[in-house]
Amino acid sequence: MMRPDPRNVLPGKIETERLVLRAPMRGDVPALAALADNRRIFEVLARLPHPYTRADAIAFVEIVAQRSDERVYAITLADGAFIGCIGLHFFAGQPPELGYWLGEHFWGQGYGTEAARALLAAAHETQQFPVIGAIALATNQPSIHVLEKVGFVKTAESLETQGHSQGKTKLHFMLEKGR
């Protein structure tokens with residue numbers, strides 16, 4: 001029997017008490033470009049360009065967020081305001097990897113934890129992802145705190161070998177269903 005496409009087993013929309021996780025759309029471009037064009041966010045993410053332009057935001061919404069090897073959600077407040085992104089990246093033969101970022105103005109308010117818990121619960125409900133991984137730079141204590149708060153356990157350390165974070169220590173985390 002053929003295994004379902006992991007991207008398509010996840011729900012299109014996930015709602016929490018304060019947040020809605022949904023597909024990124026063109027209407028998110030202005031807020032996405034404004035929030036992501038932040039050096040402090042760039043410094044802790046592996047794939048975010050800097051400066052982050054309107055063209056980058058359009059490409060993200062129209063191309064990157066539609067790729068078959070990941071499932072990306074816009075994180076919005078209940079009123080629809082875009083505040084960041086969260087998703088799972090799928091690698092052949094490996095557990096999916098959780099990734100997320102929030103606009104700086106939204107840090108420290110529990111939104112990252114709330115979004116991560118919601119996406120992880122939805123992923124586990126599919127019965128397709130018994131293990132989920134995550135990576136954070138060792139210097140990114142807020143992200144490490146979120147990962148630990150939602151149940152991830154540190155499993156390894158390594159050095160980043162490419163990009164703007166080359167030579168920095170990154171921590172690898174795993175979450176097993178039922179933890």
Side-chain angles (χ1 to χ4, degrees), residues 5-90 96-126 129 132-137 140-147 149-150 152 163-165 173 175:
D5 178 355
R7 176 182 157 76
N8 294 326
V9 299
L10 291 164
K13 184 177 182 181
I14 303 168
E15 295 184 56
T16 72
E17 185 177 321
R18 301 183 298 164
L19 304 173
V20 175
L21 310 183
R22 55 148 175 85
M25 56 188 183
R26 277 297 281 241
D28 297 327
V29 166
L32 172 58
L35 294 175
D37 188 27
N38 181 321
R39 185 143 191 93
R40 291 183 69 192
I41 295 171
F42 163 76
E43 289 173 353
V44 296
L45 295 181
R47 299 189 299 162
L48 192 74
H50 187 75
Y52 195 92
T53 66
R54 179 176 168 77
D56 293 318
I58 291 169
F60 176 79
V61 169
E62 294 184 355
I63 299 167
V64 176
Q66 305 305 319
R67 292 174 26 176
S68 62
D69 64 347
E70 57 191 313
R71 178 67 150 132
V72 177
Y73 293 88
I75 303 171
T76 67
L77 298 177
D79 67 5
F82 177 92
I83 66 169
C85 291
I86 191 165
L88 294 174
H89 192 101
F90 303 103
E97 184 178 295
L98 176 72
Y100 54 90
W101 68 268
L102 291 170
E104 187 173 2
H105 179 71
F106 303 99
W107 294 356
Q109 299 176 55
Y111 294 129
T113 301
E114 188 173 332
R117 277 194 180 122
L119 177 54
L120 293 167
H124 287 312
E125 284 177 21
T126 70
F129 314 109
I132 297 174
I135 296 174
L137 289 176
N140 189 355
Q141 288 302 313
S143 189
I144 292 166
H145 181 68
V146 167
L147 293 173
K149 208 169 177 181
V150 300
F152 279 87
H164 66 276
S165 295
F173 294 86
L175 174 68

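Heavy-atom basis, side chains included; hydrogens, waters and symmetry copies ignored. Along the sequence shown, residues carry numbers from 1.
Note that CG of Leu120 is 5.0 Å distant from CD1 of Ile132, once rounded to the nearest 0.5 Å. Within the model, atoms CD1 of Ile135 and CD1 of Ile144 stand 12.0 Å from one another, a figure rounded to the nearest 0.5 Å.
Counting only distance, with no hydrogens or angles, the side chain of Asp28 and the backbone of Met25 share a donor-acceptor pair below 3.5 Å. In this structure, Thr126 contributes its side chain and Val9 its backbone to no donor-acceptor pair below 3.5 Å. Put simply, the side chain of His124 gets close to the backbone of Phe129: a donor and an acceptor are under 3.5 Å apart. Remark: the backbone N or O of Pro51 is not paired with any side-chain donor or acceptor of Arg39 at under 3.5 angstrom. Under the 3.5 Å distance criterion, the side-chain polar atoms of Trp101 are left unmatched by any main-chain donor or acceptor of Ala36. Tyr73 places no side-chain N or O within donor-acceptor distance of the main-chain N or O of Leu88, the cut-off being under 3.5 Å.
A salt bridge does not link Asp79 with Arg18: none of the charged nitrogens is closer than 4.0 Å to a carboxylate oxygen. A salt bridge links Glu70 to Arg67: at least one charged side-chain nitrogen sits closer than 4.0 Å to a carboxylate oxygen. Ion pair Arg22/Glu15 not flagged as a salt bridge, since none of the NZ, NE, NH1 or NH2 atoms sits closer than 4.0 Å to an Asp/Glu carboxylate oxygen.
Contact detail for Ala116 and Val150: the closest heavy-atom pair is CB-CG1, 4.1 Å. The two residues Leu19 and Ala115 make their nearest non-hydrogen contact at CD1-N, 3.8 Å. In terms of heavy atoms, Ile14 sits closest to Ala122 at CD1-CB, 3.7 Å. The two atoms that bring Leu35 and Phe82 nearest to each other are CD1-O, 3.5 Å, heavy atoms only.
Put simply, the side chain of Phe152 does not reach to within 4.5 Å of the side chain of Val146, judged on heavy atoms. With contacts defined as side-chain heavy-atom distances shorter than 4.5 Å, the pair Pro24/Val72 qualifies. At a threshold of 4.5 Å between non-hydrogen side-chain atoms, the residues Phe60 and Tyr52 count as touching.
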Could you please spell out the steps behind the side-chain contact (heavy atoms from CB on, under 4.5 Å) verdict for Arg26 and Ile58?
CA-CA 7 Å; Arg26 277 297 281 241; Ile58 291 169; 3.6 Å; yes

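Listed by chain and number, the residues in a salt bridge (charged side-chain N to carboxylate O under 4.0 Å, His left out) with Glu97 amount to none (sequence neighbours excluded).
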